[in-house]
2 protein chains.
Amino acid sequence: MERDTRQRRAIRRVIEEAGRPLSPQEVLKVAQVHSQRLGIATVYRTLKGLVEEGWLAQVELPGEPPRYETAAKAHHHHFQCRACGQVYEIEGCPQNVQPLTPAGFLLEGHYMVLYGQCAACVQAC
Amino acid sequence: MERDTRQRRAIRRVIEEAGRPLSPQEVLKVAQVHSQRLGIATVYRTLKGLVEEGWLAQVELPGEPPRYETAAKAHHHHFQCRACGQVYEIEGCPQNVQPLTPAGFLLEGHYMVLYGQCAACVQAC
DNA sequence: GTCGTTGCAAAGCGTTTGCAGCCTA
DNA sequence: TAGGCTGCAAACGCTTTGCAACGAC
């Protein structure tokens with residue numbers, strides 16, 4: 001990731017402005033507005049490079065393609081709306097995780113996703 | 001899933017005896033002991049059918065292929081060992097999840113994975 | 001014997017890679 | 001101008017599907 005190209009500027013900008021985790025396909029679609037001939041291979045290569053640089057964090061939801069968000073954020077979890085599929089960031093963290101660890105096991109981290117309906121979809125129902 | 005074939009008996013048996021979630025490839029490998037000419041397509045078709053029947057539950061870990069376990073279990077979560085990759089079942093559940101839900105959102109469920117090292121790998125280190 | 005099921009091979013689909021040409025520094 | 005970067009297309013790995021043969025009932 002040495003050079004500052006049009007494609008990379010477009011990809012970084014799209015993720016910064018999204019405010020939520022984006023999938024590679026979403027990144028491609030939006031970034032093509034700024035860089036018309038952008039290809040999916042470049043999106044994958046750039047996302048991978050930005051993760052390695054520590055600028056991006058990979059957000060893996062069960063059964064979903066990986067999404068990406070800027071890494072400059074505090075530890076947090078995600079909420080996925082079952083109606084619209086959109087992923088939101090949530091603050092806070094369950095406090096009582098350690099006691100769930102089996103005897104003899106070493107707990108190094110945890111991962112949590114909440115499921116339900118976002119405010120917009122609750123309204124729409 | 002009307003007929004009781006050699007292949008289906010082998011697949012069900014393998015999952016019942018495993019005691020932990022298995023991936024399709026693991027199921028194939030072990031089930032071939034009981035049914036030599038078993039193909040991967042049959043494994044996928046059977047797993048899908050058993051999930052639809054409610055006999056199997058799909059376990060999706062972030063960034064991992066789906067695994068399958070018998071559905072006749074109470075709500076629980078999983079622990080994945082970062083050293084050996086094995087997935088274990090854990091009992092219990094974080095108590096304070098509801099307060100993390102954003103205002104206006106409807107919480108319907110949650111999903112959690114703990115990461116660390118299993119007892120065997122802690123010993124080995 | 002019927003027709004649900006199987007194994008094989010081909011097709012899909014998302015992701016990665018090879019390569020010639022492009023463009024940043 | 002050098003060589004990192006890009007777009008295209010081919011390759012990949014996992015999963016699904018089409019189809020003729022098989023076998024449970």
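Values below: all heavy atoms of this structure, side chains included; hydrogens, waters and symmetry mates excluded. Treat the numbers as computed from the prediction; the structure is a model and nothing was measured. Chain letters run A, B, ... following the sequence lines, proteins first, then strands; residues in each count from 1.
Rounded to a whole Å, the CZ atom of B:R8 is 11 Å from the P atom of C:dG7. The distance between atom CG of A:L47 and atom C1' of D:dT6, rounded to the nearest whole Å, is 15 Å. The distance between atom CD of B:E53 and atom P of C:dG4, rounded to the nearest whole Å, is 15 Å. Distance, A:I40 CD1 to C:dG14 C1': 9 Å, rounded to whole Å. We find that CG of B:L28 is positioned 17 Å from P of D:dG13, with the value rounded to whole Å.
Using a 4.0 Å heavy-atom distance criterion, A:L38 is classed as a sugar-phosphate-only contact.
You'll find that the side chain of A:D4 is closest to C:dA25, out of D:dT6, C:dA25, D:dT17. Taking every side-chain heavy atom of B:T42 into account, C:dT6 is the closest of C:dT6, D:dT17, D:dT6.
When the side-chain nitrogen and oxygen atoms of A:T5 are compared with OP1 and OP2 of C:dT24, none of them lie within a distance under 4.0 Å. Taking side-chain N and O atoms only, A:R6 has no distance below 4.0 Å to OP1 or OP2 of C:dC23. For D:dG7, the OP1/OP2 oxygens have a side-chain nitrogen or oxygen of A:Q7 closer than 4.0 Å.
Between the side chain of A:R45 and the base of D:dG7, a donor-acceptor pair under 3.5 Å is found. Taking only distance into account, the side chain of A:R3 meets the base of D:dG4 through a donor-acceptor pair shorter than 3.5 Å.
Looking only at distances, no side-chain donor or acceptor of B:E108 sits under 3.5 Å from a matching main-chain atom of A:Y115. Side-chain atoms of B:R8 come within 3.5 Å of backbone N or O of B:R3 as a donor-acceptor pair.
Using cut-offs of 30° and 60° on the angle between ring planes, the pair B:Y111 and A:Y111 is perpendicular.
Each of B:P65 and B:E2 lies near DNA chain D, and the nucleotide nearest B:P65 is the one positioned closer to the 5' end.
More than 12 heavy atoms of other residues, nucleotides or ligands lie within 6.0 Å of CD in A:E17, so this atom counts as buried by the packing criterion.
Put simply, the side chain of A:H110 reaches to within 4.5 Å of the side chain of A:H75, judged on heavy atoms.
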